[in-house]
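Below is one structure; the comments refer to it alone.
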Amino acid sequence: MTTLFQKQAKTLTIASWNVNSVRARLPVLESWLRLHNPDVVCLQETKCEDKNFPTEVFSDLGYNSAHFGQKTFNGVAILSKFPFDEIVRDIPNLEHDQARYIEAGISAFGQYFRVASIYVPNGQEVGSDKYDYKLKYLEALRLHMQHLLSYDEMALFCGDYNIAPTDNDVYDPASWHEKILCSTPERKAFAALTHLGYTDILGFVAPPPYTWWDYRAGSFQKNQGLRIDHILASPKASDRVLFNETKVDKDVRGLEKSSDHAPVIVALTL
DNA sequence: ATGGTAGGCTCCCTA
């Protein structure tokens with residue numbers, strides 16, 4: 001028997017998945033959404049313009065969608081069972097170049113929270129122009145996340161950060177030593193985000209769950225993976241995280257025509 | 001030092 005004054009705890013599930021082309025991934029993505037039915041989904045590498053985003057497929061599954069895309073490369077989206085109160089495309093005060101960041105304010109069960117879907121540049125090779133761009137991008141992201149901390153909200157920054165935070169997140173640390181995704185400046189840039197006060201939610205799972213396996217050389221079959229997809233939670237959000245329901249859905253990576261990344265999933269109690 | 005696969009799109013780039 002509940003009273004008017006008793007609040008019922010609700011669980012909110014949020015998933016993040018680099019799908020490596022939303023249109024190529026539709027069969028796998030659609031069946032995965034039907035099976036897991038997460039409340040909010042952050043997608044990266046949609047690889048299409050807004051006009052080609054399959055909005056109807058997701059609305060048929062009960063999702064509102066917000067997409068920020070471009071032709072051929074990059075592209076990020078947020079799907080939500082709850083309506084969007086606010087949508088921000090691109091990191092504010094960053095000169096627009098590539099579609100890699102979208103953020104939404106969402107109200108669920110009478111509570112407001114913020115979710116961002118992020119696709120950090122890969123960087124290609126340490127010392128390259130693309131590597132410099134990656135580090136600049138991470139600094140702009142840090143400044144934005146620092147600013148948002150002052151809002152004191154529940155906030156989740158989900159996506160493909162293209163950084164393995166420690167050697168524990170790499171199948172063969174010796175062969176990846178100071179290579180792209182693992183170099184010290186990249187790791188310092190990632191640590192700078194957690195040092196702001198955000199929690200790397202998957203970092204508490206043991207053993208560290210890999211989220212990406214190269215398509216090449218049978219990496220998945222040999223479990224030669226890296227943990228590069230992350231969910232960073234603000235203090236108010238991390239207080240609500242159900243850590244035993246935090247995971248990577250490795251199974252879907254083994255399906256035919258799947259992405260080279262697996263989805264990461266977190267649950268919050270509201 | 002290089003190759004291996006996948007996606008989008010053009011005979012190559014990004015990952």
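Lettering of chains follows the sequences in order, A, B, ..., and the numbering in each one begins at 1.
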| A:Arg114 side chain near A:Glu103 side chain, heavy-atom distance below 4.5 Å | yes

| Spacing between A:Glu125 atom CD and B:dA15 atom P, to the nearest angstrom | 13 Å

| field | Near-ring test A:Tyr215/A:Phe220, centroid separation under 6.0 angstrom | value | no

| How long is the line joining CG of A:Asn18 and P of B:dA6, in whole Å? | 16 Å

| query | With respect to the phosphate group of B:dT14, does any side-chain polar atom (N or O) of A:Lys130 fall under 4.0 Å of OP1 or OP2? | reply | yes

| query | Any idea which of B:dA15, B:dG7, B:dG8 is nearest the A:Thr72 side chain? | reply | B:dG8

| Parallel, tilted or perpendicular, as decided by the 30° and 60° cut-offs, for the rings of A:His144 and A:Phe157 | perpendicular

| message | Please determine whether a side-chain nitrogen or oxygen atom of A:Lys257 lies at a distance below 4.0 Å from atom OP1 or OP2 of B:dG7. | response | yes

| task | Just call it for A:Arg100: base, sugar-phosphate, or nothing, with non-hydrogen atoms closer than 4.0 Å on any strand. | result | sugar-phosphate

| task | Could you give the distance separating B:dA15 and B:dC9 at their P atoms, to the nearest angstrom? | result | 15 Å

| remark: Of A:Pro121 and A:Arg23, the one whose nearest nucleotide on DNA chain B sits closer to the 5' end is A:Arg23

| task | Tell me which of A:Ser258 and A:His261 sits closer to the 5' end of DNA chain B, going by the nucleotide each one is nearest to. | result | A:Ser258

| field | Whole-angstrom distance between B:dA1 and B:dA6, as gauged at atom P | value | 28 Å

| task | Rounded to the nearest angstrom, tell me the gap between atom CZ in A:Phe73 and atom C1' in B:dC9. | result | 9 Å

| field | Between P of B:dT14 and NZ of A:Lys134, the distance in whole Å | value | 15 Å

| message | Regarding A:Phe220, tell me which of base, sugar-phosphate or nothing describes its non-hydrogen contacts under 4.0 Å with the strands shown. | response | nothing

| field | Parallel, tilted or perpendicular, as decided by the 30° and 60° cut-offs, for the rings of A:Tyr133 and A:Tyr137 | value | tilted

| Atom-to-atom span, CD of A:Gln44 to P of B:dT14 - whole angstrom | 20 Å

| Rounding to a whole Å, what distance do you find between A:Arg216:CZ and B:dT2:P? | 14 Å

| A:Phe190 vs A:Tyr161 aromatic rings, parallel, tilted or perpendicular, using cut-offs 30° and 60°? | perpendicular

| B:dC11 versus B:dT5 - spacing of their P atoms, nearest Å | 23 Å

| Distance in angstrom units between A:Asn20 CG and B:dC13 P, rounded | 18 Å

| said: How many whole angstroms separate atom CD of A:Glu45 from atom C1' of B:dC9? | reply: 15 Å

